[in-house]
Number of protein chains: 2
Amino acid sequence: MSDHLACKITGSELEVMKLLWHAGEALPVTEIREKLQEAKGWEPATIKTLVSRLVSKGAVRQEKRNVYFYSPTISEKEYSAWATGDLITRLYHGSARELVAALVNADGLTQKDLDELRQMFKVED
Amino acid sequence: MSDHLACKITGSELEVMKLLWHAGEALPVTEIREKLQEAKGWEPATIKTLVSRLVSKGAVRQEKRNVYFYSPTISEKEYSAWATGDLITRLYHGSARELVAALVNADGLTQKDLDELRQMFKVED
DNA sequence: CATTGCAGTCTACAATTGTCAACTGTGTAT
DNA sequence: ATACACAGTTGACAATTGTAGACTGCAATG
């Protein structure tokens, strides 16, 4: 929730982060490049820039191992929590409840979602 | 939820939108300027630029009335819904339920929030 | 009617973001 | 030992964003 983290990951960078998050282990650029080249159609140069920028802003750690291996310094959960908090601050007057209420009132949730959430709320507390 | 809207309102622009949303009626720049100059410490020029950009991107309508009056073309609800959908797509695999689950599991909600939500979920269905 | 203040428009400029090419050094294959 | 491929670095360039000055014309005020 603290907004002084090395967050502020941009759209393209987020794609790199997702790859690393889902990999679950440090990856060499080779692999990052292959995956994103295919998935996004980006040139190797583009991918290398994104990885570098993420390292610069501290969102990715690079560890020397013959060739560098890259891994996130912030988890997907943490980042999602930060971005969600940011949204709540900016658009829901800082109230998470307002956000949920908006989802419930819009058609953002299916019946199944609602059922599952009801279940969750029952368990909580 | 459709992302082809004239959305993508930036941080500074959002402050202008909020002012207009909360005003609930078309405002002349004079008023926008006064409020934001005080609230944000921005120069008049800055505020005029932001308003112009919002008009350009179609988020604000300008109506001639001796001097121009400005009003949003998209409601706060609509924009919030769009931005929330965007977040859900980008970080919660398109599942609103995942977002809510994350809020429940994190400490994003107070006990009071939880109570009120439980109430909401009871009524829904 | 002349003055003044400010709305509206144009221009500007640095920082960030999306994309990528060029260069450099080194590990791997021949 | 040599060559090749590619990781890592540097630089680049257009679009967007944050912030603001300058100019122009109208509208209110004396």
Value in whole Å for how far the P atom of D:dA7 lies from CD of A:Glu43:
13 Å
Rounded to whole Å, CD1 of A:Ile32 lies from P of D:dC6 at a distance of 16 Å
Does B:Glu63 have more than 12 heavy atoms from other residues, nucleotides or ligands lying within 6.0 Å of its CD?
yes
Under 3.5 Å, is there a donor-acceptor pair between the side chain of A:Lys77 and the main chain of B:Ala102?
no
Can you tell me how far C1' of D:dC6 sits from OH of A:Tyr70, to the nearest Å?
12 Å
Considering every strand and a 4.0 Å limit on heavy-atom distances, what is the contact class for B:Arg33: base, sugar-phosphate, or nothing?
sugar-phosphate
Interatomic distance where CZ belongs to A:Arg53 and P belongs to D:dT9 [whole Å]:
14 Å
So does A:Thr30 get a side-chain nitrogen or oxygen closer than 4.0 Å to the phosphate oxygens (OP1/OP2) of D:dA7?
yes
Given A:Pro28, which partner from the list A:Tyr68, A:Phe69, A:Tyr70 fulfils the side-chain contact (heavy atoms from CB on, under 4.5 Å) test?
A:Phe69
Given 3.5 Å as the limit, does a donor-acceptor pair link the side chain of A:Thr73 with the main chain of A:Ala59, or not?
yes
Figure out the CD1/C1' separation between B:Ile47 and D:dT19, and round it to whole Å.
11 Å
B:Pro44 vs A:Glu13, nearer the 5' end of DNA chain C by closest nucleotide
B:Pro44
With the side chain counted from C-beta on, respond yes when B:Thr10 and B:Lys57 share a heavy-atom pair under 4.5 Å apart, and no when they do not.
yes
Sole residue of A:Leu87, A:Leu91, A:Asp86, A:Ile88 in side-chain contact (heavy atoms from CB on, under 4.5 Å) with B:Leu87
A:Leu87
For B:Phe69, report the nucleic acid contact type (base, sugar-phosphate, nothing); a contact means any heavy atom under 4.0 Å.
nothing
When you look at A:Thr46 and A:Leu36, which way does the side chain to side chain contact (heavy atoms under 4.5 Å, CB included) test go after all the steps?
CA-CA 10 Å; A:Thr46 303; A:Leu36 290 179; over 6 Å; no
Return the value, rounded to whole Å, for the distance between atom CG of B:Leu54 and atom P of D:dT17.
11 Å
Determine: side-chain N/O of B:Thr46 to OP1/OP2 of D:dT19, distance under 4.0 Å, yes or no.
no
Under a 4.0 Å heavy-atom criterion, the protein footprint on nucleotides 23-30 of chain D, written with B, S and -, is ----SS--
B:Ile9 has an atom CD1; how far is it from atom P of D:dT17, in whole Å?
11 Å
Side chains of B:Arg61 and B:Ser71: do they bring a donor and an acceptor to under 3.5 Å?
yes
Are B:Arg53 and B:Glu13 within salt-bridge range, i.e. N to O under 4.0 Å?
no
Start and end of the DNA chain C segment that chain A contacts, any atom under 4.0 Å from a heavy atom
C:dT17 to C:dT28
